[in-house]
Amino acid sequence: MQKSTFIVAVGAVAGLVCSLPAVAASPTAWASHSAEVTAKCSKASGLKDAKLVGSLIEYDDSVGYTAAVIAGTYPQPHMKNKPGKSLCLFDKRSRTAHAAPADDVK
């Protein structure tokens with residue numbers, strides 16, 4: 001095969017690969033991801049009766065995080081069940097959740 005024919009063939013294959021549709025996650029995969037993030041972020045928040053507020057915030061895959069706002073009540077006796085919020089970042093690569101108090105988030 002001549003060099004120019006080889007280059008044309010490689011270009012054609014590359015063009016076909018680039019024209020294939022992107023593979024999106026299934027609804028089941030999104031539901032599973034949402035359930036995992038909500039459960040892990042609720043636990044990481046340390047709040048009692050923790051629940052997701054609003055929707056998950058999905059960052060681009062290059063960032064690798066999903067954010068969530070979790071609301072519940074503080075479990076410590078001295079807090080007397082005061083309502084609280086937590087901002088949680090879920091690392092998609094390590095599948096871990098990290099939360100910080102966010103009581104001022106509206």
Side-chain angles (χ1 to χ4, degrees):
M1 183 181 290
Q2 292 182 357
K3 188 174 182 179
S4 62
T5 306
F6 177 75
I7 291 172
V8 170
V10 169
V13 170
L16 286 173
V17 170
C18 291
S19 69
L20 293 174
V23 178
S26 70
T28 304
W30 278 114
S32 176
H33 172 72
S34 179
E36 180 182 13
V37 172
T38 301
K40 289 185 176 179
C41 282
S42 294
K43 183 175 180 178
S45 76
L47 298 170
K48 187 169 63 171
D49 300 322
K51 293 184 177 36
L52 177 66
V53 175
S55 301
L56 297 178
I57 302 161
E58 296 292 342
Y59 284 88
D60 185 87
D61 285 342
S62 66
V63 175
Y65 284 94
T66 299
V69 176
I70 303 293
T73 57
Y74 286 101
Q76 300 88 345
H78 71 278
M79 295 298 283
K80 299 179 180 163
N81 288 320
K82 178 183 173 190
K85 289 184 185 169
S86 178
L87 177 62
C88 177
L89 294 177
F90 178 82
D91 186 327
K92 294 177 189 178
R93 291 176 195 97
S94 67
R95 312 202 76 68
T96 56
H98 307 278
D103 292 328
D104 293 336
V105 172
K106 301 292 179 206

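Keep in mind that this is a model prediction, so the values were computed, not measured.
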Within this structure, what is the CD-OG distance for the pair E58 and S34, rounded to the nearest 0.5 Å? 8.0 Å
Judged by atom type as modelled, is there a donor-acceptor pair below 3.5 Å linking the side chain of S86 to the main-chain atoms of A100? yes
Locate the shortest heavy-atom distance separating K92 from D61; write the atom from each residue and the value. NZ-OD1, 3.6 Å
Could you report the tightest heavy-atom contact between R93 and G64, atom names first, then the distance? NH1-CA, 3.7 Å
Does the side chain of Y74 reach to within under 4.5 Å of the side chain of L47, using non-hydrogen atoms? yes
What closest approach, in Å, do A67 and L89 show between heavy atoms, and which atom pair accounts for it? CB-CD2, 3.9 Å
Do side-chain atoms of T38 reach the backbone of A35 as a donor and acceptor pair under 3.5 angstrom? no
Considering all heavy atoms of both residues, which atom of A25 and which atom of W30 are nearest to each other, and what is their separation? CB-NE1, 3.5 Å
Flag the pair D91 / Y65 as yes when at least one side-chain heavy-atom distance between them is below 4.5 Å, and no otherwise. yes
Where do V53 and I70 come nearest, in terms of heavy atoms and distance? CG2-C, 4.3 Å
Carefully, step by step, assess L52 and C41 under the rule side-chain contact (heavy atoms from CB on, under 4.5 Å). CA-CA 9 Å; L52 177 66; C41 282; over 6 Å; no
Value for CG (N81) from CG (D49), rounded to nearest 0.5 Å, stands at 8.5 Å
Contact summary for F90 and K40, nearest pair of heavy atoms: CE1-CD, 3.8 Å
